[in-house]
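Here the structure comes first, spelled out in structure tokens, and everything after it is commentary.
One-based numbering, in listed order, for ligands and for the atoms of each. In this chain, numbering begins with 1 at the start of the sequence shown.
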Amino acid sequence: MPNYYQQCIAPDCGAEFDLDARLYVCSRCGGLLDIERREAIDSASLRDLWRQRRTSLDPRDRSGVWRFREFLPFTEETEIVSLGEGNTPLYNAPRSADYCRLPQLNLKHQGCNPTGSFKDTGMTAAVTQARKLGARLVVCASTGNTAASLAAYAARSDLLCAIIVPSGQVSHAKLAQALDYGAKVLEVDGNFDTCMNLIRELAEDESVYLVNSINPFRIEGQKTVAFELAEQLEWRVPDHLVVPGGNLGNSSAFGKGFRDLVACGLIDRQPKITVIQAEGAAPFARFYSDHAHESFVNEEHPQTLASAIKIGAPVSWQKAWRAVRETGGSVVTVTEQEIADAKAVIGRDGIGCEPASATTVAGIRRLVDARVIKGNETVVAVLTGHVLKDTDYVMKYHSDELVGPDGERIVGNFGNSPIRVAVSQDLQDLQDILKIL
Ligand SMILES: [Zn+2]
């Protein structure tokens with residue numbers, strides 16, 4: 001399809017490559033790649049078409065990614081690999097809003113995807129491309145969610161799948177998913193960044209296809225979340241979009257999605273894209289604070305209980321920086337205590353998420369305090385993973401047994417520990433317990 005091509009995002013390079021060139025970074029300068037389009041898209045009837053597809057039984061229309069396929073670099077004939085991803089809810093969350101001292105707060109729950117995390121929206125596009133290229137083996141480095149997602153999509157497409165994870169640092173639930181979907185799981189002594197370096201070497205082999213978020217097809221699939229969100233808000237763009245920051249694929253994808261929508265006139269402005277990092281794993285926040293220096297310094301030993309964002313060398317930082325800079329957003333950090341409390345507050349809205357997702361609500365609370373977010377502005381926070389992704393964390397918090405990475409105790413300020421009931425306890429006692437709730 002000559003209409004689409006890959007392009008280096010480095011301003012002083014801009015090299016162009018064929019859409020199907022098996023590249024992950026620019027072969028001239030090592031910069032990240034975007035997928036671009038030569039001709040503009042006629043968007044006149046797209047809103048109606050996308051809405052109509054919601055009632056269709058075609059698997060492409062049932063997917064919240066492929067429903068927007070006019071903006072994806074594939075043809076109508078492409079055989080897609082889909083698990084019916086996307087179509088995730090946008091929740092009004094009054095308790096979380098109160099906690100942030102806002103009149104209203106919406107949560108876009110990407111944990112409601114088929115494997116329980118936001119990764120599925122990008123993985124459907126990347127694995128579709130892997131099959132189109134005739135790959136034998138798909139690989140990724142992962143803190144858990146990418147592993148679960150890739151394993152599932154590889155299984156759907158009959159591709160071999162290998163995953164490299166940091167040993168002992170991935171939640172059991174995520175590991176269990178990858179094993180159940182039949183992936184070969186390789187546990188490495190080291191952190192995520194060690195795994196990422198290894199996987200880059202493995203991907204030198206022609207028959208291997210790398211699907212970490214450095215892969216521009218991942219970002220293309222994932223950008224459709226911006227489309228879905230805009231549609232859910234009846235094409236009224238929120239003032240702020242707040243996402244957790246680990247490997248920074250999320251902020252990159254939202255940036256690309258909203259940019260595409262503005263370019264074709266479907267929306268007239270982008271939301272301010274703000275990234276929240278855990279204090280102990282915050283190289284992007286540090287870069288943001290002193291970006292005048294123009295150098296990005298990796299975090300050698302990232303530390304946080306929010307394992308999904310425990311990343312010190314985020315591969316997509318340049319794309320994320322572009323999104324934050326272009327939209328006038330910001331990057332802030334939150335503490336382990338703030339993450340844990342915000343997670344429990346989100347839970348009280350009846351919405352479960354994994355710890356990394358809760359950085360958003362914790363960060364919004366800070367930004368409201370600092371008057372960066374004003375009370376009359378509209379805010380959407382993106383939850384990235386399901387509560388069942390890390391139940392050990394949840395149980396420890398509610399039992400007041402959670403200990404931070406530096407050994408400090410995290411207080412269960414919103415704790416809700418189980419009440420022990422003896423077999424011999426009489427009915428009156430139980431009724432008394434329930435009365436005081
Ligand atoms: Zn380049």
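For residues 199-212, the set of pairs meeting the side-chain hydrogen bond (donor to acceptor under 3.5 Å, both in side chains) definition, not counting sequence neighbours, comprises R22-E206, R136-S207, D205-S207, Y209-N215.
Under the 4.0 Å criterion applied to side-chain N and carboxylate O atoms, R54 and E231 are assigned as salt-bridge partners.
F287 and W321 have perpendicular rings, their planes meeting at more than 60° on a 0 to 90° scale where under 30° would count as parallel.
Ring centroids of W317 and F296 are separated by less than 6.0 Å, placing the two rings close together.
Around the Zn ion (ligand 1), the protein contributes the following N, O or S atoms under 2.8 Å, ordered by chain and number: C8 SG, C13 SG, C26 SG, C29 SG.
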Sequence neighbours left out, cut at 3.5 Å: what donor-acceptor pairs do the side chains of residues 154-164 make with other protein atoms?
unit_1 : atom_1 : unit_2 : atom_2 : d
S157   : OG     : Y153   : O      : 3.0
S157   : OG     : A154   : O      : 3.1

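For the side chain to side chain donor-acceptor pair (under 3.5 Å) test, residues two or more places apart in sequence or in another chain that qualify with H240 are E377.
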